[in-house]
Amino acid sequence: MMILAIDTSNFSLGVAICSKEKVLGECTTNLKKNHSVRLMPMIDQLLKEVEVDPAELSAIAVARGPGSYTGVRIGVATAKSMAWSLNIPLIGISSLEVLAWNGAYFPGMIVPLFDARRGQVYTGVYRSVPEGGVQLAEPERIVLFRQALEEWKTIATEEPVLFLGDDVAPHKETIQEILGKRAVFAPLSYQIPRAAHLGAAGWKALREGRVENTQTFAPVYLQLAEAEAKWLASQKK
């Protein structure tokens with residue numbers, strides 16, 4: 001049994017093929033290039049490299065957002081099409097959860113984040129679980145980052161907080177100002193999500209029966225696109 005994992009939800013692009021026992025293959029890039037042009041060739045090449053036929057896939061896991069509106073849609077549309085055509089389960093995993101897996105086994109708060117502009121971030125709080133992986137401890141949200149930091153400052157005052165993501169760097173000074181020595185910053189190799197972690201999260205969801213309806217499955221943005229929000233506001237006038 002093998003699962004195909006697809007993450008196009010942010011700047012990085014990742015694809016992995018995982019069995020229950022091992023990661024058969026994984027490809028990740030962190031380049032400013034068009035995901036829509038590169039995704040299917042990457043999937044095709046990886047399948048050939050690990051000698052897996054699409055018909056051998058047991059499920060497809062996809063990062064469902066939040067993140068780039070265009071990026072999320074590319075991954076979700078591709079995963080839905082493949083799952084439907086192959087008649088296999090589709091599994092949606094939060095893009096923040098995928099990144100949080102980089103902090104598995106960390107003894108404290110795990111905070112993945114993506115920049116949402118205007119001082120805001122997409123974020124949530126995760127914690128490690130004994131069996132491996134992570135679980136959500138505080139709801140994911142879009143929030144003014146300084147506000148979130150001030151909230152975390154008042155709870156578990158001695159607990160370390162691990163920050164994950166390419167978008168952490170611009171906020172590092174503010175994080176240190178508010179949380180001081182509690183703040184922990186991961187090495188560069190831990191700052192981008194891994195498709196192999198998405199695959200592992202997908203297997204966990206599959207075991208628990210958390211699969212999606214292929215026809216109705218939709219991305220999770222945590223906020224409306226700016227154009228959509230303006231349109232809705234104009235309809236209320």
Side-chain angles (χ1 to χ4, degrees), residues 1-65 67-68 71-72 74-83 86 88-106 110 112 114 126 128-129 131-134 162 164-168 186-207 210-212:
M1 298 180 69
M2 283 163 285
I3 192 168
L4 170 65
I6 299 170
D7 187 355
T8 63
S9 58
N10 284 281
F11 197 70
S12 62
L13 166 62
V15 174
I17 298 171
C18 309
S19 70
K20 289 183 177 180
E21 295 79 25
K22 65 191 295 186
V23 178
L24 298 179
E26 181 178 21
C27 184
T28 302
T29 61
N30 200 25
L31 306 168
K32 190 175 182 180
K33 291 187 176 181
N34 193 329
H35 291 350
S36 64
V37 173
R38 300 172 60 236
L39 177 58
M40 286 307 300
M42 183 181 286
I43 292 172
D44 181 60
Q45 182 62 32
L46 188 58
L47 287 168
K48 290 176 179 176
E49 288 286 344
V50 300
E51 299 181 340
V52 170
D53 188 273
E56 298 178 80
L57 296 172
S58 304
I60 295 179
V62 64
R64 67 183 303 167
S68 158
V72 172
I74 291 167
V76 168
T78 301
K80 288 178 66 172
S81 298
M82 291 188 68
L86 295 169
I88 56 177
L90 175 65
I91 301 155
I93 302 293
S94 163
S95 303
L96 288 166
E97 179 181 342
V98 178
L99 181 56
W101 271 68
N102 287 1
Y105 305 107
F106 180 77
I110 303 168
F114 306 131
Y126 283 83
S128 298
V129 291
E131 63 270 23
V134 296
L162 174 65
L164 294 166
D166 260 352
D167 295 329
V168 169
L188 287 178
S189 57
Y190 287 78
Q191 297 294 18
I192 59 174
R194 287 193 57 192
H197 287 159
L198 172 56
W203 278 123
K204 184 173 185 291
L206 194 60
R207 289 195 302 270
R210 293 186 285 116
V211 298
E212 309 292 342

How far does [atom1] of [X] sit from [atom2] of [Y], to the nearest 0.5 angstrom?
X: N34; Y: L39; atom1: CG; atom2: CG; answer: 10.5 Å
X: I3; Y: I88; atom1: CD1; atom2: CD1; answer: 8.5 Å
X: L47; Y: L4; atom1: CG; atom2: CG; answer: 6.5 Å
X: N10; Y: D166; atom1: CG; atom2: CG; answer: 9.0 Å
X: K48; Y: I43; atom1: NZ; atom2: CD1; answer: 13.0 Å
X: I17; Y: E51; atom1: CD1; atom2: CD; answer: 11.5 Å

Does the side chain of [X] reach to within under 4.5 Å of the side chain of [Y], using non-hydrogen atoms?
X: L206; Y: V211; value: yes
X: E212; Y: V62; value: no
X: L198; Y: P193; value: no

- Task: Inspect the surroundings of CG in L31 and state if more than 12 heavy atoms from other residues, nucleotides or ligands are less than 6.0 Å away.
- Result: yes
Over all heavy atoms of both residues, which pair between [X] and [Y] is shortest? Give the atoms and the distance, please.
X: S128; Y: Y105; value: OG-N, 2.6 Å
X: A83; Y: P89; value: CB-O, 4.4 Å
X: I91; Y: A205; value: CG2-CB, 3.7 Å
X: L99; Y: Q191; value: CD1-O, 3.8 Å
X: A186; Y: L164; value: CB-CD2, 3.6 Å
X: A196; Y: E26; value: N-OE2, 3.1 Å

- Message: Evaluate V76 against K80 for side chain to side chain contact (heavy atoms under 4.5 Å, CB included), listing each step before the verdict.
- Response: CA-CA 6 Å; V76 168; K80 288 178 66 172; 3.7 Å; yes
For [Y], is there any backbone N or O sitting under 3.5 Å from a side-chain donor or acceptor partner on [X]?
X: T28; Y: G14; value: no
X: D7; Y: R194; value: no
X: S12; Y: T29; value: no
X: T8; Y: G75; value: yes
X: W203; Y: S19; value: yes

